[in-house]
Undergrad: 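Structure in structure tokens, see below.
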Amino acid sequence: MADPMRIRAQASGSNAVVRVLMSHEMETGQRKDSAGKVVPAWHITNVTTALNGKQVMSAEWGPAVAKNPFLQFTLKGAKAGDKVSVTWKDNKGETRTDEATIS
Amino acid sequence: MQTRRDTLKQSMAVASLLAATGLFPRDAFAFNKAAFEARSIADVAKAYGAGAPTESKDVTLTAPDIAENGAVVPMAVASSLPGIKHLMVLVERNPSALVAKFDVTDAVEANFSTRAKMGQTSDVYAVAITNDGKALYAKKEVKVTLGGCGG
Amino acid sequence: MRKTSITLAILFGALAASGALAQKSATESIEEYRKMLEDGNPADLFEAKGDALWKQKRGPKNASLEACDLGKGPGVVKGAFVELPRYFADVAKVQDLESRLVSCMERLQGFNAAEIAKTPFGRGEMANVTALATYVAAESKGLAFNLPQSHAQEKTFYETGKRLFFMRGGTHDFACASCHGEEGKRIRLQDLPDLTKNPGDGVGFAAWPAYRVSNGQMWSMQLRLNDCYRQQRFPYPEFGSDAITALSTYLGVNSKGAKSAAPTIKR
Amino acid sequence: MKQTLLILVSALATSAAMVGCAGRPAAQSPAADPDQVAAQMVKTSFRSQGIATVDRVTNIDETLKLCNAADVAGKPLDAAVAKRLEEANLKTIKWPTDGKYLGDWKEGEQIAQSGRGMTWTDTAGAVNGGNCYNCHQISKQEISFGTIGPSLYNYGKLRAVADPGSAASKPIVEYTWGKIWNAKAYNACSNMPRSGHMGNLTEQQVRHIMALLLDPQSPVNK
């Protein structure tokens, strides 16, 4: 199973800045291993975010997003104590969801 | 105040819960293969149903002048315009141009940061697609340097 | 008064703007790039993993590492990193952080230390050692290095480490000192700290473990030194070998007073 | 009872000895000679891996041994010793077999850019790089250069080399070849590798680097 994400969510005024680190290889499918064989692409394709259970953001990613991806975005109308969850899914169908409380 | 460690513990606990409830709609996971295989900025815009891209001061791209390493290049895309549907970052000289596409809703600011891989020095684009199908962009050249001992 | 400060602010603003208009040097641009990466260091992922591993019951003995003595008594993690390598009476040897962790994994959890030492970096239990080292180091962030030098073996390791630091060899005649023996030098665009003395807070020995942007890997101090030796065209230094520990002792003692910034993010 | 007491006494004695030992490390047998300990550690700590064999550190030549010792002592090499080592290194230089010193600067630029070769992850027979940009500025176009060695930008131009084949240019052309082949011939403890002498670069590769530095058409001299 994939390692957990690190989610930091901080309220500022009526907004909250969310910073996420995800543990993922983000293999491009362009690289060859030491035996000269192409390493197949393996990357996150979709990211969604929910605020208190309601989806607020979605994204599509290609293999050019850097390994162990970083994502930052700002939630409108969020306050300390609200719950932010982030879900990713990759091209192998693996998925992971983590949640954090806005501080 | 909650420590990072507590956050983590909590994250792990809810993870399985959310997965089990199937809280996330399946259609959130659509993946536009054509857009991610396109080589030009125009073709990417077309794949998202937009017209020919035009340069605009209302789209902001934040990226370094020089990347110490092409494996991780910080990039941010933002727009001050109302009615933005998607924001995207693209690297023109990568095998496929599109790096990431973000959907803008009323609940988030039209402002996203991520990090991209760059195979070589290239123009980087921030593209905004509006609800009425216009594609607007800002661009900047990012130099990728050779570093370290090179071995 | 208020007006003055506003005028000043405008003036400084204008100065800053004109400065930005002037062509930035490559060094300034690289500095800017590094700044942009600081917020959001993937080393956090490894630190979290190490934290979980420290507490998790694992291995043939199904025990956690919470009773591990890193030099400041069983279970004391905070402050341990900035005093390593040091002498440990139970093994009658000077050990660095990673060797010490492996000793604890053997003693407390029943893992085979020799097996772990043979495992390549980034794989199996060795990847766990790196994550644990990242966690232990992070617990000393901001503390000043202060390696003990009271035991005879600690002194010998320092003196021996110094000799290893200045040892030219390999096909290119490179010593550690070839790149790290003088202030203000760089290789390509990377600044090279002078490691014959305290190079400053969060620099050199006080910067590792670090997340390597170039390959997306978490690098421990032993892997840092291992790859320096590879680039020096030296033969392979064994994990946990005395030479590696002695070199670390030399670098660590020289860093006395430098505040640790580990884990950092590096090219 | 008697036995218990005996054990207790001996246990106390042992612990007392241990305390004493920890408290007065200086009172131990005379400190081990760090030079010997270091030599021993090098033997036990490194192993051959791929093309990087242990003799690369266990069997180093006199030049390196004496320079290493001087660095540890923090004193420069004795002038007479330095001169003797430089003369010995000068003798190792292989001058171009056909008297041709310059190759193609474009190839030279590629060799100067590459830092590859001779590590334990490289294979035998692979083409080695010159590592030049790691330490030197060379052409103006490459902004990613090191500063361990002096800038070589305008190397030929600054030395007024208009025609590298001319008699006037001969001394500087020969010196440059010698410096690349065996830098220790001119400075016993130079940081620069002995690229020709140690077999890192071929004669033809040295020619190309020579052209990069000395050919008036090379971007270095523009």
Side-chain angles (χ1 to χ4, degrees), chain C residues 25-27 29-30 87 89 149-175 177-179 181-182 184-192 196 226-227 229-247, chain D residues 18 22 25-26 28-29 31-32 34-35 37-42 44-50 52-58 60 63-65 67-72 115 117-122 128 131 133-135 143-148 183-184 189-195 198-200:
Chain C
S25 74
T27 322
S29 297
I30 293 281
Y87 179 81
Q149 277 283 283
S150 53
H151 193 276
Q153 215 187 101
E154 289 167 347
K155 286 181 191 153
T156 303
F157 267 56
Y158 175 83
E159 281 301 323
T160 311
K162 182 178 177 184
R163 278 146 183 86
L164 291 164
F165 184 84
F166 287 109
M167 188 179 80
R168 293 170 183 79
T171 54
H172 288 55
D173 302 346
F174 290 146
S178 307
C179 285
E182 253 184 284
K185 299 287 181 188
R186 49 174 231 228
I187 189 161
R188 289 280 186 168
L189 280 172
Q190 280 70 49
D191 296 321
L192 296 163
T196 62
N226 176 285
D227 203 62
Y229 274 136
R230 187 182 67 84
Q231 304 267 17
Q232 278 172 251
R233 277 77 181 175
F234 274 36
Y236 194 98
E238 302 279 6
F239 177 88
S241 61
D242 284 349
I244 289 285
T245 310
L247 187 56
Chain D
M18 275 170 71
Q28 281 185 329
S29 59
D35 289 331
V37 178
Q40 192 54 38
M41 269 188 197
V42 167
T44 57
S45 299
F46 290 91
R47 66 170 153 90
S48 295
Q49 171 103 342
T53 48
V54 281
D55 60 311
R56 289 185 180 187
V57 289
T58 53
I60 60 174
T63 303
L64 299 194
K65 272 186 196 153
C67 290
N68 293 349
D71 280 353
V72 170
M118 302 300 247
T119 75
W120 69 62
T121 49
D122 292 303
N128 298 330
N131 292 283
Y133 277 103
N134 285 354
C135 299
I143 57 164
S144 179
F145 59 85
T147 61
I148 297 168
K184 270 76 169 174
C189 298
S190 166
N191 270 333
M192 189 164 149
R194 297 173 285 186
S195 302
M198 298 296 284
N200 301 322

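Just so we're on the same page: letters track the sequence lines, and every chain starts at 1.
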Undergrad: For D:Val42, is it the side chain, the backbone, both, or neither that has a heavy atom closer than 4.5 Å to a heavy atom of chain C?
TA: side chain
Undergrad: With a 4.5 angstrom heavy-atom cut-off, is it the side chain or the backbone of C:Phe157 that approaches chain D, or both, or neither?
TA: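 Contact with chain D: side chain only.
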Undergrad: Looking at D:Thr147 and C:Arg186, would you say the former's side chain and the latter's main chain have a donor-acceptor pair under 3.5 Å?
TA: yes
Undergrad: Against chain C, work out which of D:Thr53, D:Ile143, D:Thr44, D:Asp35 has the most heavy-atom pairs shorter than 4.5 Å and name it.
TA: D:Asp35
Undergrad: Could you look at D:Cys67 and say if it's the side chain, the backbone, both or neither that has a heavy atom under 4.5 Å from chain C?
TA: both
Undergrad: When you check the side-chain N and O atoms of D:Asp122 and D:Thr119, is any donor under 3.5 Å from an acceptor?
TA: yes
Undergrad: Less than 4.5 Å to any heavy atom of chain C: does that hold for the side chain of D:Asp71, its backbone, both, or neither?
TA: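 Its backbone and side chain both get close to chain C.
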Undergrad: Between C:His172, C:Glu238, C:Gln232, C:Lys185, which shows the greatest number of heavy-atom pairs under 4.5 Å with chain D?
TA: C:His172
Undergrad: Given side-chain contact (heavy atoms from CB on, under 4.5 Å), test D:Val72 with C:Phe165 step by step and report yes or no.
TA: CA-CA 9 Å; D:Val72 170; C:Phe165 184 84; over 6 Å; no
Undergrad: List the steps and the verdict of side-chain contact (heavy atoms from CB on, under 4.5 Å) for D:Arg194 and D:Leu64.
TA: CA-CA 11 Å; D:Arg194 297 173 285 186; D:Leu64 299 194; 3.7 Å; yes
Undergrad: Is it the side chain or the backbone of C:Leu192 that comes within 4.5 Å of chain D heavy atoms, both, or neither?
TA: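 Looking at C:Leu192, just its side chain touches chain D.
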Undergrad: Counting heavy-atom pairs under 4.5 Å to chain D, which of C:Leu164, C:Thr196, C:Thr160, C:Ile244 comes out on top?
TA: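 Highest number of heavy-atom pairs under 4.5 Å: C:Thr160.
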Undergrad: Between C:Lys155 and C:Glu159, is there a salt bridge with N-O shorter than 4.0 Å?
TA: no
Undergrad: Do C:Arg233 side-chain atoms and C:Gln231 backbone N/O form a donor-acceptor pair below 3.5 Å?
TA: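 Yes.
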Undergrad: With a 4.5 angstrom heavy-atom cut-off, is it the side chain or the backbone of D:Asp55 that approaches chain C, or both, or neither?
TA: neither
Undergrad: Between C:Cys179, C:Gly169, C:Ser178, C:Ala246, which shows the greatest number of heavy-atom pairs under 4.5 Å with chain D?
TA: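 Ranked by heavy-atom pairs under 4.5 Å with chain D, first place is C:Ser178.
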Undergrad: Quick check on C:Phe174 against chain D: is it the side chain, the backbone, both or neither that has a heavy atom closer than 4.5 Å?
TA: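 For C:Phe174, the contact with chain D is made by the side chain alone.
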Undergrad: If you tally heavy-atom pairs under 4.5 Å against chain C, which of D:Ala70, D:Cys189, D:Ala39 wins?
TA: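 With the most close heavy-atom pairs to chain C, the winner is D:Cys189.
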Undergrad: Quick check on C:Ala175 against chain D: is it the side chain, the backbone, both or neither that has a heavy atom closer than 4.5 Å?
TA: neither
Undergrad: Checking side-chain contact (heavy atoms from CB on, under 4.5 Å) for the pair D:Thr63/C:Asp173: CA distance, chi angles, key distance, verdict?
TA: CA-CA 10 Å; D:Thr63 303; C:Asp173 302 346; over 6 Å; no
Undergrad: Using heavy-atom distances under 4.5 Å, tell me whether C:Asp191 contacts chain D through its side chain, its backbone, both, or neither.
TA: neither
Undergrad: Counting only heavy atoms closer than 4.5 Å, note whether D:Lys184 contacts chain C via side chain, backbone, both or neither.
TA: side chain
Undergrad: Roughly how far, to the nearest 0.5 Å, is the OG1 atom of C:Thr156 from the CD atom of C:Gln149?
TA: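 Separation between the atoms: 9.0 Å.
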Undergrad: Is the D:Phe46 ring parallel, tilted or perpendicular to the C:Tyr229 ring (thresholds 30°, 60°)?
TA: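 Answer is perpendicular, since the angle exceeds 60°.
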Undergrad: Between D:Gly50, D:Ser48, D:Ser45, which has the largest tally of heavy atom pairs under 4.5 Å with chain C?
TA: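 Of the candidates given, the most pairs with chain C belong to D:Ser45.
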